[in-house]
Amino acid sequence: MDTHSNQTILVTGGAGFVGSALIRFLINDTSHTVINLDKLTYAGNLKSLTSIETNRRYNFIHGDICNSELIQRLLSQYTPDIVMHLAAESHVDRSIDGSAEFIQTNIVGTYCLLEACRNYFARLDTEKQTTFRFHHVSTDEVFGELGDTGLFTENSPYQPSSPYSASKAAADHLVRAWSRTYKLPVVLSNCSNNYGPYQYPEKLIPLVLHKALAGESLPIYGDGQQIRDWLHVEDHVRALYLVALRGKLGETYNIGGGNEKTNLEVVTEICELLNTRILDKPKGIDDFKQLITFVTDRPGHDQRYAIDASKIEQELGWQPVQSFESGLASTLNWYINNPEWYQEIINSDGQTR
Ligand SMILES: NC(=O)c1ccc[n+]([C@@H]2O[C@H](COP(=O)([O-])OP(=O)(O)OC[C@H]3O[C@@H](n4cnc5c(N)ncnc54)[C@H](O)[C@@H]3O)[C@@H](O)[C@H]2O)c1
């Protein structure tokens, strides 16, 4: 991106689904240097980064965002121009089963990063201060649920429903407070549901895919009529890059694909694509839709999310490239062609449900 093409970007959570897509983009499509700080929790996977791991502009640090000393050391050593903060516990169901890690990483970890960045920023020379930015990557789930109509805008009130979304909301508030009170230069983004390659197979699309290929039942919460707005992860990553480099300081940008689908529609579309792609179906299966099974709804399940992305479109010139149909087809192809990536996870994690 023209004026600042050789910056150093500290990415937290870069071994996760969105973070690894961001780092592959930064290394392949820009000339920035990347420092990836990741704790490698169950969701972190360095195999998502093998295509760029030997690039000399890429550096991996195994560590926890709650470790203030480590963060301060990294900031002094690498003097990043931008911090893009993605590290989080990200799965709603896990947050319902046990919220402690969500409070620790998503809230305390964000606080530790903000404090370290505040100290770092205060020590920077004026020139570096003018370019430094802290970007908090957040979710549309902070806004709670919508009824049948309407869209989340950047001014929608915060009404999080799950421990996950409440912890992300708390982190958003901390980031804004550090901007208002300490003048830390921040930008925020709140994005809808992502899908694409390298997504941990506990999330809806890879979960349904791997279960279908194994001939297992495809669990759908409640009646499957909950609506989500789907965005391909590579479109999210391009939006993040624009927000981090060009977003107006102190501002928030909503990011979404304009692809509203019920969960049942998503699962049905996956089954129909698999019906044409997989000729050698699991035993007893003529149509993958036979595997759809409705299960007890998730407590506090939000009915509908939908994003008004006009601000980022108008101010930063962002548009999604992938339609849901093209993105879903290419995503399914990726999982079908890379079974070793998700099979290893499934073999070692009994919780992919
Ligand atoms: N996936 C989506 O649909 C989506 C949508 C909107 C926003 N987001 C946000 O994007 C970010 C990334 O989401 P994701 O889907 O890639 O999540 P993910 O669960 O796939 O990855 C999270 C990464 O953070 C790392 N991590 C967790 N705790 C850490 C800690 N204490 N210190 C350092 N690293 C730690 C994990 O090892 C993992 O690599 C999150 O902040 C999430 O809220 C995701």
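Hydrogens, waters and symmetry mates play no part in the numbers below; they use all other heavy atoms, side chains included. Counting convention: from 1, in listed order, for ligands and their atoms alike.
Under the 4.0 angstrom criterion for non-hydrogen atoms, S192 is in contact with ligand 1. Using a non-hydrogen distance threshold of 4.0 Å, Y164 registers as a contact of ligand 1. Look at L40 and you'll find a heavy atom under 4.0 Å from some atom of ligand 1. The shell of residues lying under 4.0 angstrom from ligand 1, judged by heavy atoms, includes S138. Contact analysis leaves A21 out of contact with ligand 1, as no non-hydrogen atom separation drops below 4.0 angstrom.
Of the options G13, A88, G44, the smallest heavy-atom separation from atom 27 (C) of ligand 1 is shown by A88. Closest to atom 39 (O) of ligand 1 by heavy atom, among L46, D38, T12, is D38. When the heavy-atom distances from atom 40 (C) of ligand 1 to N45, L86, L37, T41 are ranked, the shortest goes to L86. Counting only non-hydrogen atoms, the option in L113, V137, N194 that gets closest to atom 3 (O) of ligand 1 is N194.
We find that R238 and D235 are joined by a salt bridge, their nearest charged nitrogen and carboxylate oxygen being less than 4.0 Å apart. With respect to the salt-bridge test (charged N to carboxylate O, under 4.0 angstrom), the residues D286 and K281 do not qualify. By the 4.0 Å N-to-carboxylate-O rule, R246 lies too far from E315 to be salt-bridged with it. Ion pairing between E101 and R94 fails under the 4.0 Å rule for side-chain N and carboxylate O. Ion pairing of D81 with K128 is present here, as a side-chain N (NZ or NE/NH1/NH2) and a carboxylate O approach within less than 4.0 Å.
Here I65 has heavy atoms under 4.0 Å from ligand 1 in both its backbone and its side chain. Under 4.0 Å from ligand 1, not a single heavy atom of Q104 appears.
The protein atom (non-hydrogen) at minimum distance from atom 19 (O) of ligand 1 is S90 OG, 2.6 Å.
Side-chain atoms of N6 and H32 include no donor-acceptor pair closer than 3.5 Å. Inspection of the N193 and Y305 side chains reveals no N or O donor paired with an N or O acceptor under 3.5 Å.
Residues L240 and V137 meet the side-chain proximity criterion, which asks for heavy atoms closer than 4.5 Å.
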